[in-house]
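One structure is given here, and the rest of the page talks about it.
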Amino acid sequence: MKQRFSKRSAVAQERQRDFMQRNDVLNGQSRTATDRLLQAPLRERCPLCASPAPDGPDFLHRGAPYFACAECGHIASLNDSARLAPDPDQYEEVYPALDLERRKVRMRDIYLPKLDWVLDVCVSELGIAREELLGREWLEIGCGEGLFLEALKMRGATRFSGLGVDDCMLARSRELLGEDCVRTLREPLGRAVAGSGADIVAAWFVLEHVFDLHDLALDLAGLPSGTLFCFAVPVYGVSAVLESACPGLYPRTLDNRVHTQLFTDRSISHFMKLAGLRGIGEWIFGQDAADMARLLEGSGGESDVCRNVMAGFGRAVDDLQAVLDRHGLADSRHVVAVKE
Ligand SMILES: [Zn+2]
């Protein structure tokens with residue numbers, strides 16, 4: 001499998017400034033979400049491998065009990081978030097709409113590099129030409145603001161569509177790409193993907209929001225051989241540990257609201273095995289060092305000496321993150337896989 005590490009963090013640092021400014025509001029929402037999560041009945045099964053959930057937690061995260069599945073390594077809240085009443089504002093509040101300038105920066109620094117990486121991996125590992133890949137049928141599940149679909153369009157793809165569940169996020173992508181480009185999911189996700197006829201399926205930071213990953217993986221196992229599946233997931237890494245240590249600051253990775261499960265390298269492997277997927281490319285990078293800067297800044301003093309140290313820390317963030325990435329400690333994984 002072709003591995004790549006790290007990427008520039010300019011956008012991540014801008015997001016961190018936004019989190020810092022909205023810290024009290026976001027942290028308050030996360031505390032409310034934790035209270036709500038604790039009211040949910042306990043999970044009966046691991047959302048990924050469907051083995052029985054344990055009776056008690058392995059650890060507490062911001063007041064909510066979590067377990068690390070002994071069978072597959074997946075991390076999930078002990079309380080079953082799928083059995084809570086829908087929270088219609090959750091995505092809109094956690095992911096506010098971006099203005100044009102921020103969209104442009106994200107396109108340049110996140111979505112075009114992501115697409116180019118997928119294309120490069122497929123060219124080098126499968127020998128499929130870039131033009132041929134762009135000519136195939138693409139489906140993005142959980143298409144958010146539609147920026148990845150727009151990146152496809154910018155690179156010359158003509159056959160692409162998106163699928164989503166959240167009305168607010170879907171409205172944003174329809175505004176960008178037109179009504180017909182994006183559909184509302186009205187059936188089990190795996191069935192929708194299997195029935196889409198797509199040659200390449202993308203799921204960027206979506207699987208962690210899927211309540212029944214086991215069913216999804218089994219449905220994906222029915223995809224035709226050669227279908228490409230590209231995805232990114234958050235993993236339990238340095239960021240998650242930092243969030244446990246700093247209760248006054250917004251927990252971006254595991255907020256007990258939109259995020260109540262995290263992957264590990266082991267659970268990613270388990271998911272791919274269930275789905276009959278073979279990894280051909282992996283890109284490891286994260287925002288753990290940027291989170292560390294935000295958490296230290298939020299907890300540190302107001303003195304000039306402290307500010308000087310933090311300014312230096314800000315300049316060191318990319319170097320620090322590169323070390324964490326190479327050691328597999330980063331908060332996320334991007335994977336390109338092919339259906340066997
Ligand atoms: Zn499991």
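Read the numbers this way: they start at 1 and go in the same order the structure lists the ligands and their atoms. Side chains included, hydrogens not; waters and symmetry mates left out as well; all remaining heavy atoms used.
Side-chain contact, Q261 with E208: no donor N or O sits under 3.5 Å from an acceptor N or O.
Side-chain N or O atoms of K339 include one that pairs as donor or acceptor with a backbone N or O of A221 at under 3.5 Å.
The ring-ring contact (aromatic ring centres under 6.0 Å, His included) test applied to H74 returns F263, not counting sequence neighbours. Residues meeting the ring-ring contact (aromatic ring centres under 6.0 Å, His included) test with F160, sequence neighbours left out: none.
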Legend entry - S77 vs R43, side chain to side chain donor-acceptor pair (under 3.5 Å): CA-CA, chis, key distance, verdict: CA-CA 8 Å; S77 59; R43 284 185 203 272; 3.1 Å; yes

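Using a 4.5 Å cut-off between side-chain heavy atoms of Ile, Leu, Val, Met, Phe, Trp and Tyr, L42 falls into a hydrophobic cluster with F67, L78.
Annotation: protein N, O or S atoms under 2.8 Å of the Zn ion (ligand 1) (waters excluded) comprise C46 SG, C49 SG, C69 SG, C72 SG.
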